[in-house]
Amino acid sequence: MNLPNKITLFRVILIPFFLIFLMIPGIPAGKWIAFSIFIIASLTDMVDGKIARKYNMITDFGKFMDPLADKLLVCSAMIALIELERMPAWVVIIIIAREFIISGFRLIASDNGVVIAASMWGKVKTTVQMVMVILLIANLGETFPDTKSVVHIIENVLIYLAMLLTVVSLIDYLVKNKNVIKTYK
């Protein structure tokens, strides 16, 4: 268990704390604590990857667990944001469906001895999703009512951009790794 893998696991451990502060009403500054936890967890995604690449600490566990940790973090946040009425359920369903498809695809690849690391499109998708979630958690339109319409437009652009990148990254994975499906028996 090297340092990047420990950082990845730390990101997973932060998820329940993030959800507690975001979802349980009445916690003083709960939204801002959740906001901070989500940012810290999101930054660990960048940190673990940089350390793994810089010090040649890339492992099959990290290739598998890092994207899974991202999915757990972002999907948990998006489901909570549906409950908070800040994100449409149908968009979250599309995003989560992609995650299930890719996870299944990785399982098939793994059965064939192939580990599929995150692609550039997947990384961009995750980054946009994390920025979107951060803005939706902050709910700046509520904090600064004079900017509500501008904030709402920015939030919607990020929601639909995240959805578009989700679909693009799915297509990218499938096209680049179509040989995995062909070899599956």
Side-chain angles (χ1 to χ4, degrees), residues 4 7-51 65-103 118-172:
I7 293 170
T8 298
L9 289 176
F10 176 68
R11 181 162 64 254
V12 173
I13 291 167
L14 286 175
I15 295 169
F17 296 99
F18 159 72
L19 291 171
I20 287 167
F21 285 104
L22 182 64
M23 299 303 297
I24 295 178
I27 297 175
K31 170 176 89 169
W32 296 112
I33 295 169
F35 176 85
S36 300
I37 291 171
F38 190 87
I39 289 174
I40 290 166
S42 297
L43 290 174
T44 67
D45 180 38
M46 184 175 52
V47 171
D48 64 7
K50 284 189 181 207
I51 293 171
M65 194 61 192
D66 183 65
L68 182 60
D70 297 339
K71 289 172 188 174
L72 289 170
L73 176 65
V74 174
C75 290
S76 297
M78 289 188 300
I79 292 167
L81 290 166
I82 293 170
E83 177 71 20
L84 296 171
E85 298 180 356
R86 296 186 199 154
M87 198 166 178
W90 69 271
V91 171
V92 176
I93 291 167
I94 290 171
I95 292 171
I96 290 175
R98 180 262 187 210
E99 303 307 343
F100 275 105
I101 292 167
I102 293 299
S103 294
S119 73
M120 183 270 306
W121 282 110
K123 291 177 183 180
V124 170
K125 176 242 356 151
T126 299
T127 301
V128 170
Q129 287 177 352
M130 288 178 173
V131 169
M132 171 198 69
V133 167
I134 288 166
L135 287 177
L136 292 171
I137 292 168
N139 200 12
L140 295 174
E142 175 187 279
T143 307
F144 304 103
D146 294 343
T147 64
K148 189 171 187 165
S149 61
V150 172
V151 169
H152 185 68
I153 290 168
I154 293 168
E155 290 171 346
N156 278 319
V157 166
L158 284 170
I159 288 169
Y160 294 111
L161 178 60
M163 187 182 67
L164 175 67
L165 289 169
T166 295
V167 173
V168 168
S169 69
L170 172 63
I171 293 167
D172 179 61

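One is the number of the first residue; the rest follow in order along the sequence.
Separating the CD atom in E99 from the CD1 atom in I94 is a distance of 12.5 Å, to the nearest 0.5 Å. Taking CD from E155 and CG from L140, the interatomic distance works out to 7.0 Å, rounded to the nearest 0.5 Å. Distance check: L43 CG to F38 CZ gives 10.0 Å after rounding to the nearest 0.5 Å. With rounding to the nearest 0.5 Å, the separation of CG in L84 from NZ in K31 is 10.5 Å. Between atom CG of residue L135 and atom CZ of residue R86 there is a gap of 11.5 Å, rounded to the nearest 0.5 Å. The distance from atom CD of Q129 to atom CG of L161, rounded to the nearest 0.5 Å, is 10.0 Å.
Side-chain contact between V124 and S169 is absent, with no heavy atoms from C-beta onward closer than 4.5 Å. Looking at I154 and V150, their side chains come closer than 4.5 Å, going by heavy atoms from C-beta outward. Side-chain contact between R98 and V167 is absent, with no heavy-atom pair separated by less than 4.5 Å.
The minimum heavy-atom distance linking W90 with M163 is given by the pair CZ3-SD, 3.6 Å. Heavy atoms only, all atoms of each residue included: C75 and I96 are closest at SG-CG1, 3.6 Å. Taking each heavy atom of L73 and A41 in turn, the nearest pair found is CD2-CB, 3.7 Å. The minimum heavy-atom distance linking K125 with A162 is given by the pair CG-O, 4.4 Å. Minimum heavy-atom separation, S103 to K71: OG-NZ, 3.4 Å.
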Hey, can you pull the donor-acceptor pairs under 3.5 Å for the side chains in residues 9-26, sequence neighbours left out?
unit_1, atom_1, unit_2, atom_2, d
R11, NE, D70, OD1, 3.2
R11, NH1, T44, O, 3.4
R11, NH1, T44, OG1, 3.1
R11, NH1, D48, OD2, 3.1
R11, NH2, D48, OD2, 3.3
R11, NH2, D66, O, 3.4
R11, NH2, D66, OD1, 2.5
R11, NH2, D70, OD1, 3.3

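No donor-acceptor pair under 3.5 Å is formed between the side chain of D172 and the backbone N or O of V168.
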Q) Taking it one step at a time, do L158 and L136 satisfy side-chain contact (heavy atoms from CB on, under 4.5 Å)? A) CA-CA 10 Å; L158 284 170; L136 292 171; over 6 Å; no

Q: Report the C-alpha distance between V133 and M78 in whole Å, list the side-chain angles of each, state the deciding distance to 0.1 Å, and finish with yes or no for side-chain contact (heavy atoms from CB on, under 4.5 Å).
A: CA-CA 7 Å; V133 167; M78 289 188 300; 4.1 Å; yes

Q. Is there a side-chain contact (heavy atoms from CB on, under 4.5 Å) between V151 and K148 once you walk through the steps?
A. CA-CA 5 Å; V151 169; K148 189 171 187 165; 5.9 Å; no

